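Just so it is clear, the structure is predicted and the values come from calculations on it, not from any experiment. As a basis for the values below, the full set of heavy atoms in this structure was taken, side chains included, without hydrogen atoms, waters or symmetry mates.
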Amino acid sequence: MTEWDIKKLQILRTLRDRGTVTATAETLLMTPSAVSQQLTNLAKQLGVPLLEAQGRRVRLTDAAHLVLRHAEVVFAQLERADAELDGYLRGEVGQVRVAAFSTAVPALVVPAVQQLRTAHPGLDVRIREAEASEAYELLGAGEVDLALSLAAHAPSVRDPKFSRVPFLADPLDVALPAGHPLADAPGLRLADLSAEPWIFGGSGPWSEITTAACEAAGFVPEQAHSAAGWTAILAMVEAGMGVALVPRMASAERRAGVVMRVLSADQPRRHVVAAVRRGAEEGIAVARVLGALRQAAAQRETVQQN
């Protein structure tokens with residue numbers, strides 16, 4: 001394959017534009033002999049004559065003009081690459097891969113992506129739904145750049161591989177069937193529901209969060225039914241099969257036959273955090289995504305407080 005030397009091609013292009021070796025040398029801050037030597041070497045590399053004498057001057061051969069027609073395409077692509085690289089360095093372009101648990105995707109990640117598409121359209125955010133343990137496995141393996149999960153399942157703050165970023169405390173409300181005797185009870189506390197059948201996941205984060213919240217209220221919940229998805233959990237609540245703790249971030253899943261009660265006296269919460277590989281938070285693209293997620297979290301907390 002023919003060897004193409006970008007620097008020498010730029011000299012040839014400058015000679016075409018400036019007309020003489022002397023003017024080319026002045027433009028490129030080179031000596032005339034250095035210009036001539038570089039163009040002689042380029043002709044040898046390409047295997048074609050590039051210059052021919054015309055009196056005391058030289059002119060470009062037809063082969064030189066052919067070479068430059070193709071070189072201009074290369075120069076244009078390099079200009080685009082420079083512009084894109086500059087945008088990458090300023091965090092305007094690039095790709096950030098985000099792993100997030102199911103309720104965080106519509107509540108935090110999608111609003112953040114919408115904001116970034118307006119402010120930084122060249123920034124490509126790729127979303128992957130993943131539960132806590134999987135999200136950090138993906139992060140550690142380099143398959144994602146940012147993992148959004150729950151504090152109880154995030155890497156330790158002392159783990160040297162990751163940096164943790166807190167986002168919000170998501171309140172947990174209790175879901176009751178619409179006709180439940182306590183649906184309208186004033187000052188409802190979690191302990192008031194100690195004798196109720198409970199619906200929550202058989203294992204994993206939500207099982208642990210529900211059990212921990214109930215134990216903090218002084219009882220161990222009786223797990224009547226097990227489900228992982230909010231659609232299934234709330235369908236069973238609506239059918240009168242039990243009660244459940246539901247994160248406020250999952251509000252889009254709520255049903256007409258379910259009453260959501262705020263446990264103001266002993267409000268349990270789950271804490272949402274992000275993690276990145278240590279040092280990655282200093283990358284501008286990742287920092288922009290973290291900033292957009294913070295903004296989405298702040299807006300959600302404002303809505304929750306009103």
(request) Specify the closest pair of heavy atoms between A112 and A296, including all atoms of both residues, with the distance to one decimal. (result) N-CB, 4.3 Å
(message) Would you compute the distance between atom CG of L139 and atom CG of L148 and round it to the nearest 0.5 angstrom?
(response) 11.5 Å
(message) I'd like to know if the side chain of S194 reaches the main chain of A191, judged simply by a donor and an acceptor atom lying under 3.5 Å from each other, with no hydrogens or angles considered.
(response) yes
(message) Please tell me whether I6 and L28 are part of a single hydrophobic cluster in this structure, the criterion being side-chain heavy atoms less than 4.5 Å apart.
(response) yes
(request) Check the side chains of S33 and T31 for a donor-acceptor pair under 3.5 angstrom, ignoring hydrogens and angles. (result) yes
(message) Minimum heavy-atom separation for P268 and L263, please, with both atom names.
(response) CD-CD1, 4.0 Å
(message) Using modelled atom types and a 3.5 Å cut-off, is there a donor and acceptor pairing between side-chain atoms of D192 and backbone atoms of R189?
(response) yes
(message) Give me the atom names and distance for the closest heavy-atom approach of P49 to A63.
(response) O-CB, 3.6 Å
(request) For residues L234 and V246, determine if any side-chain heavy atom of one lies less than 4.5 Å from a side-chain heavy atom of the other. (result) yes
(request) May I have the step-by-step check of side-chain contact (heavy atoms from CB on, under 4.5 Å) for L50 and L60, ending in yes or no? (result) CA-CA 6 Å; L50 298 175; L60 273 61; over 6 Å; no
(request) Find the distance between CZ (R57) and CG (L51) and round it off to the nearest 0.5 Å. (result) 12.5 Å
(message) Give me each pair satisfying salt bridge (charged side-chain N to carboxylate O under 4.0 Å, His left out) with a member in residues 130-147, each pair once, sequence neighbours excluded.
(response) R97-D145, R128-E143, D145-R277
(message) Working to the nearest 0.5 angstrom, can you tell me the gap between L245 CG and L190 CG?
(response) 5.5 Å
(message) Check for me, please, whether F219 and V174 land in the same ILVMFWY cluster - side-chain distances under 4.5 Å, paths through other members count.
(response) yes
(message) Nearest 0.5 angstrom please: T24 OG1 to R13 CZ, how far?
(response) 12.0 Å
(request) Identify which one of Q223, E208, H225 satisfies the side chain to side chain contact (heavy atoms under 4.5 Å, CB included) criterion when paired with F200. (result) Q223
(message) Any donor-acceptor pair under 3.5 Å linking the side-chain atoms of R270 with those of T103?
(response) yes
(request) Answer yes if V259 and M236 sit in the same cluster of Ile, Leu, Val, Met, Phe, Trp and Tyr residues linked by side chain heavy atoms under 4.5 Å apart, and no otherwise. (result) no
(request) Drop me the distance from L172's CG to D170's CG, to the nearest 0.5 angstrom. (result) 6.5 Å
(request) Grab the two heavy atoms, one from A104 and one from M249, that are nearest each other, plus how far apart they are. (result) CA-CE, 3.5 Å
(request) Determine, stepwise, if the pair V258 / L176 fulfils side-chain contact (heavy atoms from CB on, under 4.5 Å). (result) CA-CA 6 Å; V258 175; L176 302 169; over 6 Å; no
(message) Are the side chains of E215 and V220 in contact, using a 4.5 Å heavy-atom criterion?
(response) yes
(request) To the nearest 0.5 Å, tell me how far R261 CZ sits from L182 CG. (result) 8.5 Å
(request) Mind running side-chain contact (heavy atoms from CB on, under 4.5 Å) on W198 and V243 for me, showing each step along the way? (result) CA-CA 5 Å; W198 282 81; V243 301; 3.7 Å; yes
(message) On a heavy-atom basis, which atom in P221 and which in C214 lie closest, and how many Å separate them?
(response) CD-CB, 3.5 Å
(request) Report yes if the side chains of L15 and V35 come closer than 4.5 Å at any heavy-atom pair, otherwise no. (result) no
(message) Under a 3.5 Å threshold, yes or no: a donor from one side chain and an acceptor from the other, between R18 and T27?
(response) yes
(message) Any heavy-atom pair between the side chains of V48 and T61 that's under 4.5 Å?
(response) no
(message) Looking at every non-hydrogen atom in both residues, tell me the closest pair between A275 and Y136 and how far apart they are.
(response) CB-CE2, 3.4 Å
(request) Look at R248 together with D173 and state whether they make a salt bridge at an N to O cut-off of under 4.0 Å. (result) yes
(message) Just so I know, are the side chains of Q45 and K8 near enough to count as touching, which here means a heavy-atom distance under 4.5 Å?
(response) yes
(request) Please examine the side chains of Q38 and L12, heavy atoms only from C-beta on, and report whether any two atoms are closer than 4.5 Å. (result) no
(request) State, with a plain yes or no, whether a side-chain heavy atom of H271 is found less than 4.5 Å away from one of F167. (result) no
(request) Check the pair L108 / L168 against side-chain contact (heavy atoms from CB on, under 4.5 Å), numbers first and verdict last. (result) CA-CA 10 Å; L108 296 178; L168 60 81; 3.9 Å; yes
(message) Does R16, at its CZ atom, have more than 12 non-hydrogen atoms belonging to other residues, nucleotides or ligands within less than 6.0 Å?
(response) yes
(request) Following the transitive rule for hydrophobic clusters with a side-chain heavy-atom cut-off under 4.5 Å over Ile, Leu, Val, Met, Phe, Trp and Tyr, establish whether L39 and V74 coincide in one cluster. (result) yes
